[in-house]
Amino acid sequence: MATFLYRIGRWAFRRRRLVGGLWLGVLVLAIAAAAMAPSGEEEDLSMPGTESQRAFDLLDERFPQGNSQGAEARLVFRAPDGQRVTARENKAAVEDTLGSLGGGDQVASATDPYETGAVSEDGTIAYSTITYTADAVDLTRTTKSALEDAASRAGDAGLTVEIGGSALDAEEEPGGTTEIVGVAVAAVVLVLALGSLVAAGLSLLTAFVGVAIAFGLVSALAVPLGLTSTVAILALMLGLAVGIDYALFITSRFRDERAQGGEPEEAAGRAVGTAGSAVVFAGATVFIALVGLGVVGIPELTKMGLGGAGAVALAVLVALTLVPALFGFFGKGVSNGVSPARAKPRARGRGLSRADRQRIAASPAKRIGTRWARFVLRRPVPVLLIAGLGLGAVAVPALSLELGLPGDESKSVETTQRRAYDLLSEGFGPGFNGPLTVVVDTSEPGDTRATADLVAKTVRGVEGVASVGDPVLSRAKDTAVLTAVPRTAPNSGETKDLVHAIRGAVSGVEADTGARVLVTGTTAMNIDISEAMSDALIPYLTVVIGLAVLLLTVVFRSVLVPVKAALGFLLSVGAAFGVLVAVFQWGWAADLIGIEQTGPVMSLMPILIIGIVFGLAMDYEVFLLTRMREAYVHGASPGEAIVSGFRHSGRVVAAAAIIMISVFAGFIGMSSPTIQTMGVGLAAAVAFDAFVVRMAIAPAVMALLGHRAWWLPRILNRVLPNVDIEGEKLSGHVPASATGPNAAVPDATVPRLPVGRD
């Protein structure tokens, strides 16, 4: 692996104009394809195999005329204080408002609340349902303006009017202020970490190239593959974060090689051969974990996983080829500040002198890493206990984790959708916003009416049902649909229990009549998806951890290092879930990020965060432990290897983590609850994993294990492939003078420390 990537790095450096031209061409094509592609559609979540999904599929088959895919809006009217919406002047205002919508090109129908009975019992609130012939994303600005103007018309007449439904929904657009702040923080961190504006700019430039291509491809494929805006935002979020990090790791290694006297082309080759090997395996873990989301069985989650995996794969390719190519263009600027002239080049001199090595190790950033490593080596047990117990305490709220899907109730009270939701709850009860649809499928058309009436009677008898509508039969008279309104809100635990109670109650009707009775609706679908996600959480976590242990066993040729990495991953994920529960369920610090309504954590988040964080956690594990193993296989003691790893990679991993946290946190300011939850969860998980697990727990455990950390049974040593991630075989691709005693032991100046059984 290292030898192959070494050759790629040197080739890209030499053929920099060709490589740069190819990537520029791909970038232009991706942008052009995105510009010419039509906008994608926002799709509802589906879960094949669940009862609610089977019912939706049956409704599409039996009631095609009643399952239009167009957007829907609800105009909710409230009379002034002390008046009724049925009063003559208020009724005239409502009818005038609805009349102004009738001539719209995209309006399919608008119901009259006085004819449909859509007036509250006290007569103060009424609503009209407007259906459209197009999806929300395809509604023209004229159509949306007409809806808003109609609401203003009623408002001018003294009524309070709010707009609910999907008609005003819009795709989330990246590029807001918070994302820009996140990128700005990343730029500052890069400058501080690399000490060079050119090196920092190169890392940002390559990351933007990869992200732009990924975003363009997702946009171009949105319609044929059914990709939503959430997929595009996830690809942007991940591609930007890992793209900057991967470029940072290779650039940092290039600067180290130049500081040790390597010629630019040789330094580029060795940087890609060593740090690039770590990038490949780190990227592979993220890719596999994201692609693995497809096994859960939720199409939207599968698309999000594939979109994110594609962005990560592009980031790896850019880091391995475009980054070394840019070294050829800006090599002197990238290595600015490392004083290569004082070090004897590998190609012409003997190995670095002891004084040169001491000078290279004396930079402030490397001194901090060395001091921290030595501190942990002296006190491994206290560090391990404090860090482990601290993460455990943060993870405690995760025991109360509840899953659900956000609706209008989770939106800000500043939005008209949220205010419409509140008005409907006030006028018609909290369950009105989440009605249940009961589908009765009979084998004998003549029995449908009687069976449907029996089902309606049974459902009315279930505690917690506020009302049940009259059954509506299909044209073929073989299917009936009726609506049951719960007494409780859609996301409440009582509504979840009610869905199960109804399904249990109608099972008797099924046994007596032979009919099939299915409970569906948006609320039931959300409940089914949440339960399916909860059931899939442990199996997916098991697969991910098993993958981590297997992959790291191959990479580090050790049994205990992968086990330690997997347990650390569990700690960081548990703590991240604890933060999600504390913020989104309990409301801690919710005001700081604009969350006005607490509720269950979005169903997709736990598995999605596990998949992403698994890959990112292995990133830091690979980058940090690779330098430790590199020193160990060259003769350093376990303690020296730990210090070497922190000297060379500690500051880079810390910088990479800060960059990734900044990028993820930059998406917290978006209005989408999905993106907000993702931003908080990922930022917290990266912070815990990088700064607590990898920087504290990992070296403490390695110190206690000593030589045993690198133990591998003989049978595994023979069976497992040797991927040479530390670049040991690269000594055959550099002049012999560069592999002398000093060069062979990269950390000869590190004093031996009395750690464990070193």
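Just so it is clear, the structure is predicted and the values come from calculations on it, not from any experiment.
Surrounding CD1 of I715 are at most 12 heavy atoms belonging to other residues, nucleotides or ligands under 6.0 Å away.
Residues satisfying the salt bridge (charged side-chain N to carboxylate O under 4.0 Å, His left out) test with R14, not counting sequence neighbours, are E265.
Tested against V316, the residues V286, V242, V279 include a single side chain to side chain contact (heavy atoms under 4.5 Å, CB included) partner, V279. The side chain to side chain contact (heavy atoms under 4.5 Å, CB included) with I659 is formed by just one residue from the set L204, V185, L248; it is L248.
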Applying side-chain hydrogen bond (donor to acceptor under 3.5 Å, both in side chains) to W23 and T321, what does each step give before you reach the verdict? CA-CA 9 Å; W23 278 113; T321 56; 2.9 Å; yes
Would F208 and I213 count as a side chain to side chain contact (heavy atoms under 4.5 Å, CB included) if you check the C-alpha gap in whole Å, the side-chain angles of each, and the deciding distance to 0.1 Å? CA-CA 8 Å; F208 286 146; I213 294 173; over 6 Å; no
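A side-chain donor-acceptor contact under 3.5 Å links S637 to the backbone of E640. A donor-acceptor pair under 3.5 Å is formed between the side chain of R16 and the backbone N or O of F13.
Using the six-membered ring where Trp is involved, F254 and F327 have ring planes that are parallel, under 30° apart on the 30 and 60° scheme.
To the nearest 0.5 angstrom, R10 atom CZ is 10.5 Å from R270 atom CZ. To the nearest 0.5 Å, the span separating CG on L322 from CG on L317 amounts to 11.0 Å.
Shortest non-hydrogen contact noted between V383 and A696 is CG1-O, 3.7 Å. The two atoms that bring A685 and S572 nearest to each other are O-CB, 4.2 Å, heavy atoms only.
A salt bridge links D256 with R627: the distance from a Lys NZ or Arg NE/NH1/NH2 to an Asp or Glu carboxylate oxygen falls below 4.0 Å. Using a 4.0 Å cut-off between charged side-chain N and carboxylate O, E263 and R258 make no salt bridge.
The shortest distance between side-chain heavy atoms of L541 and F569 falls below 4.5 Å.
The stretch residues 279-288 participates, sequence neighbours left out, in no salt bridge (charged side-chain N to carboxylate O under 4.0 Å, His left out) pair at all.
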